[in-house]
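Chain naming here is simple, since letters A, B, ... match the order of the sequence lines and numbering starts at 1 in each. Since we're looking at a predicted model, the values are computed, not measured.
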Amino acid sequence: MTKKRTIDAYFGIPKAKKPRYSDTQVVTDGESASYSKHASYPFPIPHLPDALEAEISGSPAREARVIADQPDLDLLHFEPYISRSAARQLFEFLRSELPFYRVEYDIARGGIKTHIRTPRWTTVFGVDETARFEDIRSAASGLTADVLPLKDAPKGEVVDARTRKQIPVGKPNPKETPGQKGYKAIPRPIPYCLDLLRRSTEAVTGCNFNFCLVNYYASGADSISFHSDDERFLGSLPAIASFSLGAKRDFLMKHKPPKPESGETACNSTSQGSLKLPLLSGDMVLMRGKTQANWLHSIPKRSGKNEWDGGRINITFRQALVRGGTENYYQYNVGSGPVYKWNAAGQEMIPWIQPSRP
DNA sequence: CCCCTGGCAGCGCC
DNA sequence: AGGCGCTGCCAGGG
């Protein structure tokens, strides 16, 4: 007999969801491609080509395999979720079109200040559940359309989810907005090209997601060491959907060591308490239940013939419940350094310079 | 067929 | 947190 918790059980409980508008304005410049534009973006982010959009909308390509054969482990592995060819196109598209960052920061390690360069390219979109993006100008009486060409105007201010009042962003000066505590970060709405995948993932998993983190591992030299996405702001039992695009990389998981005071016996066998999933382009892993609370995961470095693998993009969707989540994600995935953009000719990320305006 | 060796993965320490 | 250096394993070649 198979386990009670199957993918069929998931699909068997269809969840009625309100249709939701994209948080970004749809803009079409004549016959050229349309873009997501927003004041928080360094540059407009194009929509997907129609054919690719259609293919992603038809996902998942296959049903998922449940991996829950170890204590506190609850995974769903789609092999793949996005067809291999669509995943390859999406990889190329996102690497070319998204703004990326190389976050650096200092930590004290044994009393010694150490400079950390995160060994991966990152970018992030979204805002926690206490807020949302809303076009406050459309609610105001009619002067905007004539004054500002609507086509180029950024849309979507950050507003309180409950009161729908605007929340200041970007280290707001308390004197200018008395009595209103704003965000230090400048939250960015999820662009349409990623929101499509977010909505598909919500429909398939029955989970809600308000954040999208993107990591680009340019080669085997890029990595992330063992950690859990168990931050307080995700709540207990967080569900996180993780997509792989591009090169195959190993996804390592291991059970957290037992607390010293607890009487549990450590997992000492080699196979128990750890696993390795080779993630291929288009795969999606949903980590749910007690997984984050009890397991660590990593993408280890690869060297030699595996080092120049053409690069891998990881997209994760998750739900941050409180403001601390928004501040944390922008601090550690955007930071305060320069914006980078993919340079196809040189096959590398290069600093993006704000075009000067006459 | 066996042994040697290089390369790679993994781990511990800073 | 990540980099580096040490070690042990494994595959492939001689």
Side-chain angles (χ1 to χ4, degrees), chain A residues 67 70 73 75 100-124 184-185 211 213-234 238 240 242 244 246-260 264-281 283 285 287 291-316 318 320 324-338 340 348-349:
Chain A
I67 305 172
Q70 297 199 48
L73 186 68
L75 308 176
F100 281 98
Y101 304 84
R102 198 83 179 193
V103 173
E104 301 187 13
Y105 53 98
D106 293 307
I107 57 158
R109 194 177 63 183
I112 299 151
K113 203 171 89 170
T114 313
H115 191 65
I116 301 292
R117 293 178 170 80
T118 56
R120 57 194 169 275
W121 299 93
T122 55
T123 198
V124 62
K184 287 194 191 73
F211 257 97
L213 278 64
V214 181
N215 295 303
Y216 170 55
Y217 302 86
S219 73
D222 281 349
S223 66
I224 190 163
S225 53
F226 273 109
H227 69 285
S228 293
D229 299 309
D230 58 354
E231 298 98 347
R232 298 285 181 103
F233 49 74
L234 297 178
I240 296 174
S242 174
S244 295
K248 182 195 116 183
R249 290 289 292 264
D250 287 335
F251 183 69
L252 268 46
M253 298 193 72
K254 66 179 179 189
H255 201 282
K256 288 184 186 178
K259 294 271 193 294
E264 293 175 54
T265 54
C267 303
N268 46 11
S269 140
T270 47
S271 62
Q272 281 295 92
S274 68
L275 75 157
K276 183 193 286 195
L277 293 181
L279 297 182
L280 277 61
S281 190
D283 282 13
V285 174
M287 296 177 275
T291 303
Q292 296 301 339
N294 294 283
W295 287 73
L296 302 165
H297 54 270
S298 77
I299 299 285
K301 256 179 225 218
R302 286 297 175 246
S303 58
K305 64 175 172 14
N306 295 321
E307 179 164 356
W308 297 103
D309 57 10
R312 170 181 179 266
I313 283 176
N314 170 243
I315 304 167
T316 62
R318 59 190 74 198
T326 298
E327 304 290 17
N328 179 287
Y329 283 142
Y330 284 95
Q331 181 177 351
Y332 290 108
N333 296 279
V334 171
S336 54
Y340 290 82
E348 60 177 352
M349 293 288 170

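Between A:Arg117 and the phosphate of C:dG3, there is no side-chain N or O to OP1/OP2 separation shorter than 4.0 Å.
Considering only residues two or more places apart in sequence or on other chains, A:Arg102 meets the salt bridge (Lys or Arg N to Asp or Glu O under 4.0 Å) condition with A:Asp222. Under the rule for a side chain to side chain contact (heavy atoms under 4.5 Å, CB included), the partners of A:Thr291 that lie at least two apart in sequence or sit in another chain are A:Leu73, A:Asp74, A:Leu75, A:Met253, A:Met287, A:Trp295. A search for ring pair (Phe, Tyr, Trp, His ring centres under 6.0 Å) contacts involving A:Phe233 returns A:Tyr329, not counting sequence neighbours. Applying the salt bridge (Lys or Arg N to Asp or Glu O under 4.0 Å) criterion to A:Glu231, with sequence neighbours excluded, gives no partner residue. A:Lys256 is linked by a side chain to side chain contact (heavy atoms under 4.5 Å, CB included) to A:Ser228, A:Asp230, A:Leu296, counting only residues two or more places apart in sequence or in another chain. Under the side chain to side chain contact (heavy atoms under 4.5 Å, CB included) criterion, A:Gln331 pairs with no residue at all, not counting sequence neighbours. In terms of the salt bridge (Lys or Arg N to Asp or Glu O under 4.0 Å) criterion, A:Arg312 has no residue partners (sequence neighbours excluded). A search for side chain to side chain contact (heavy atoms under 4.5 Å, CB included) contacts involving A:Thr118 returns A:Val103, A:Tyr105, A:Arg120, not counting sequence neighbours.
A:Ile116 places its CD1 atom 12 Å from the P atom of C:dC4, with the value rounded to the nearest Å. Atoms NE2 (A:His115) and P (C:dC4) sit 14 Å apart, rounded to a whole Å. Atom CG of A:Asn333 and atom C1' of C:dA1 are 15 Å apart (whole Å). A:His227 places its NE2 atom 14 Å from the C1' atom of C:dG2, with the value rounded to the nearest Å. At whole-Å resolution of the value, CZ in A:Arg102 and P in C:dG2 are 11 Å apart.
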Summary of protein contacts for nucleotides 6-14 of chain B, nucleotide by nucleotide, where a base hit scores B, a sugar-phosphate-only hit scores S (4.0 Å, heavy atoms): --SSS---B

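Two rings, from A:Trp121 and A:Tyr340, have their centers less than 6.0 Å apart.
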For nucleotides 7-11 of chain C, give me every protein contact, N/O to N/O, under 3.5 Å, one pair per line with atom names.
none

Close N/O contacts between protein and nucleotides 12-14 of chain C (under 3.5 Å):
none

Per-pair distances, 0.1 Å, donor-acceptor, side chain in residues 300-310 of chain A, under 3.5 Å, sequence neighbours excluded:
residue	atom	partner	partner atom	Å
A:Arg302	NH2	A:Asp250	OD2	3.1
A:Asp309	OD1	A:Gly311	N	2.9

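Between A:Tyr332 and A:Thr122, the closest side-chain pair of non-hydrogen atoms is not below 4.5 Å.
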